[in-house]
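Note that the coordinates shown come from a computational prediction; the quantities given were computed from them, not determined experimentally.
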Amino acid sequence: MAIWLFDGTFTRNKKCCFKPWDLIQNYIIQSKEVRFIFMRKQNTLRPSKALFFFISFWMSIATFAQKKEIPLWDKIPDQLQSAGYSEVTDRKGDISEGVRMVTLPTLTAYFASPEKSNGTSVIICPGGGYGMLAINKEGYKVAEWFNSLGVTAFVLKYRLPSDLIMKNKTVGPLQDAQEAVRLVRRNAVQWKLNPNKIGIMGFSAGGHLAATLSTHYNDKVYTPTDTTSAKPNFSILIYPVISMQNGITHEGSRDNLLGKNANSESIDKYSNEKQINAATPKAFLVHATDDKAVPVENSINYYLALKKEKVSAEMHLYENGGHGFGLGVKGTNASWPKACEKWLNANNYTLKSDGYVFTYFKGNGEDGLHMAYSEDGYQWYALKNDTSFLTPEVGKDKLMRDPCVIKGGDGLYHMVWTVSWTDKGIGYASSKDLIHWSKQEFIPVMAHEEKARNTWAPEITFDEKNKTYMIYWASTIDEKFPETKSEEEKGYNHRIYYTTTKDFKKFEKTKLLYEPGFNVIDASIVKQCNGYVMYLKDETRNPVQKNLKTAFSKNLTGPYGKASEPITGNYWAEGPTAIQIDNQWVVYFDKYTLKKYGAVKETSKGWQDISDQVSFPSGTRHGTVIKVSAEEIMSLKKE
């Protein structure tokens with residue numbers, strides 16, 4: 001492929017040396033050469049405008065490439081010439097809604113973003129009773145949906161059965177389907193696809209073609225150019241025509257494919273529920289019970305045949321929806337794409353997204369570290385049957401309260417926790433996988449203070465710029481800050497202290513981090529924009545506060561400004577931990593007097609209480625949230 005440009009001085013035929021393959025790969029598939037010429041009256045082009053044209057050029061390539069059709073054949077097998085037979089496209093404005101009398105079978109490629117894909121691809125067969133192709137609703141729109149999941153999609157414009165252009169119209173569509181799989185599989189490496197994750201999808205009569213390919217992939221309906229397999233790895237069948245049998249088939253599809261006077265042998269052969277064996281690809285099926293065009297028994301019988309042969313299958317039957325609902329229009333049938341997404345994810349056909357882990361304690365922290373996971377940050381599920389991952393071994397009372405875990409710059413997970421109500425140090429351990437932990441250590445961060453009463457709720461924040469960890473916690477030092485001392489709190493009068501380390505072996509001298517002018521505990525610091533936000537608990541009892549606030553600093557080690565107004569409501573809250581979900585900050589916290597967990601979300605109008613939207617395992621106490629990979633969650637779920 002040669003891309004020709006005129007440069008700023010109109011030097012002719014200067015070849016562009018840039019090769020942004022991610023943008024042009026769809027077009028490269030079959031283009032041999034494309035020339036672009038920028039023409040102006042003057043013989044100069046200002047750099048800014050040259051850049052504009054260059055960007056516009058590549059954007060045009062990207063847009064054009066996605067719609068570029070790839071011919072299936074160099075020479076269509078068993079083709080007959082018919083002067084009066086030519087392809088007709090039904091258009092609505094600039095959109096191709098349907099295609100009839102297909103003469104040139106093609107694949108239209110929709111490549112998924114590489115960062116979202118695990119190499120899965122799906123070939124889509126639109127329906128239309130073998131008389132036309134609903135190529136937009138059951139093709140292009142579906143391909144775009146697959147792209148949103150990170151799946152590459154190919155819309156198959158297959159030949160429709162016709163004695164005018166085919167020696168044997170019954171196998172014409174199957175020839176195209178077989179070659180489509182072979183074409184994708186042959187080019188899998190070049191297109192960065194997995195040759196073992198190629199699916200076939202069909203709607204209505206396109207579902208019959210997809211099921212026919214799934215059961216007739218080895219049929220010798222033409223002579224392929226090589227030995228590449230035409231077998232799909234899975235099928236997705238949406239209100240499919242499966243059977244050619246009387247009383248169940250869609251007669252229009254049968255007549256178009258087999259003819260009005262089809263013999264019993266052909267009817268049985270293309271009744272795909274009768275052709276299933278143990279090697280048939282796994283399937284996902286969708287149908288509406290009130291389908292008057294293609295009876296629901298088509299899907300049911302296919303599913304039962306798969307089940308009999310012990311082939312993996314999942315079927316979703318909906319009360320209503322009729323026929324031809326595509327991606328779903330209303331009612332329960334509109335939920336099938338989400339069910340299909342879950343099926344693809346469960347079968348490792350989509351790149352599993354990162355999730356979240358919540359580390360917490362239960363009771364008084366005697367049994368140690370508990371963890372829960374979530375895919376969306378709202379619904380949380382206990383891991384390891386809500387039993388402990390790590391039993392506490394250090395400290396005066398050997399507790400593991402307020403466990404804080406972060407992933408450090410060294411790739412390890414680092415954890416600190418409260419070991420006792422009255423000790424002068426904290427616990428520390430590290431892990432590569434959140435399952436196997438290093439030997440527990442006791443860090444005596446307040447041992448130098450004779451009148452220190454405690455070290456509570458330690459946390460860690462990693463300073464990426466300085467490659468340093470800051471550990472901070474709440475401590476009461478008797479006789480300090482007497483103006484905020486309260487006997488109602490048994491004399492506890494906390495401030496936030498900190499130390500820094502690069503290796504958790506050597507620690508800098510402990511210093512005061514935050515003195516807000518009130519009794520403060522449970523600080524948790526995250527980096528936001530160009531600074532740091534500290535979420536903290538105002539522990540004041542008289543007049544009662546017991547709520548969460550924020551404070552800001554340009555530097556991790558401070559100074560932090562005045563505490564904000566409360567971000568939580570009319571309840572007692574502690575143990576804040578924050579993470580960004582869908583570009584909004586969510587802060588979880590322990591509603592400890594109510595014995596349940598809550599959350600608030602930062603919006604353009606302020607903090608919104610979303611406690612009624614989150615769900616945590618029963619008994620969850622003061623924890624921290626971290627983002628982890630899908631693979632790590634899978635490993636944790638096996639424990």
Inset, instruction - Please state whether the rings of Trp145 and Trp336 are parallel, tilted or perpendicular, taking 30° and 60° as the class boundaries. - result: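 If you compare the ring of Trp145 with that of Trp336, the planes turn out perpendicular.
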
Parallel, tilted or perpendicular: which one describes the rings of Trp343 and Phe234, with boundaries at 30° and 60°?
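Answer is perpendicular, since the angle exceeds 60°.
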
Ring centroid separation for [X] and [Y], is it under 6.0 angstrom?
X: Tyr535; Y: Trp585; result: no
X: Phe504; Y: Tyr469; result: yes
X: Tyr597; Y: Tyr588; result: no

Out of Tyr381, Trp380, Tyr373, which residue meets the ring-ring contact (aromatic ring centres under 6.0 Å, His included) rule with Phe616?
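Testing each of Tyr381, Trp380, Tyr373 against Phe616, the sole residue satisfying ring-ring contact (aromatic ring centres under 6.0 Å, His included) is Trp380.
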
> Would Gln545 and Asn547 count as a side-chain hydrogen bond (donor to acceptor under 3.5 Å, both in side chains) if you check the C-alpha gap in whole Å, the side-chain angles of each, and the deciding distance to 0.1 Å?
Replying inline: CA-CA 5 Å; Gln545 291 292 319; Asn547 49 40; 3.0 Å; yes

Between Tyr472 and Thr461, is there a side-chain donor-acceptor contact under 3.5 Å, judged purely by atom types and distance?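 Yes.
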
**Report entry** Ser374 and Asp376 side chains, donor-acceptor separation under 3.5 Å
**Finding:**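 Yes.
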
Is there a side-chain contact between Thr476 and Trp456 in this structure, where contact means two heavy atoms from C-beta onward sitting under 4.5 Å apart?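 Sidechains of Trp456 and Thr476: no contact.
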
- Flag side-chain contact, heavy atom, 4.5 Å: Gln440 against Leu390: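 Yes, side chains in contact.
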
Handout entry: Worked check of salt bridge (Lys or Arg N to Asp or Glu O under 4.0 Å) between Glu574 and Lys537
Key = CA-CA 6 Å; Glu574 67 181 17; Lys537 180 189 180 184; 3.2 Å; yes

*Let me see the working for Asn345 and Thr350 under side-chain hydrogen bond (donor to acceptor under 3.5 Å, both in side chains), right down to the final yes or no.*
CA-CA 5 Å; Asn345 190 264; Thr350 54; 3.3 Å; yes

request  = Output yes when a side-chain donor or acceptor of Lys282 lies under 3.5 Å from a complementary backbone atom of Glu314, and no otherwise.
outcome  =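 Such a contact is absent between Lys282 side chain and Glu314 backbone.
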
Backbone N/O of Phe518 and side chain of Asp538: donor-acceptor pair under 3.5 Å
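Judged by distance alone, no pair lies under 3.5 Å.
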
### Message
Please enumerate all residues that pass side chain to side chain donor-acceptor pair (under 3.5 Å) together with Lys362, with sequence neighbours excluded.
### Response
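With sequence neighbours excluded, Lys362 shows a side chain to side chain donor-acceptor pair (under 3.5 Å) to Asp386, given in chain and number order.
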
query: What do the steps show when you test Asp522 against Ser524 for side-chain hydrogen bond (donor to acceptor under 3.5 Å, both in side chains), and what is the final call?
result: CA-CA 6 Å; Asp522 295 355; Ser524 182; over 6 Å; no

*Geometric cation-pi criterion Lys596 and Tyr571, 6.0 Å radius, 45° cone*: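 No.
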
Considering non-hydrogen atoms only, spot the tightest contact between Pro232 and Pro281 and give its length.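 Distance-wise, the nearest heavy atoms are O-CG, 3.2 Å.
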
side-chain hydrogen bond (donor to acceptor under 3.5 Å, both in side chains) evaluation trace for Lys554 with Asn530: CA-CA 7 Å; Lys554 292 182 179 180; Asn530 296 321; over 6 Å; no

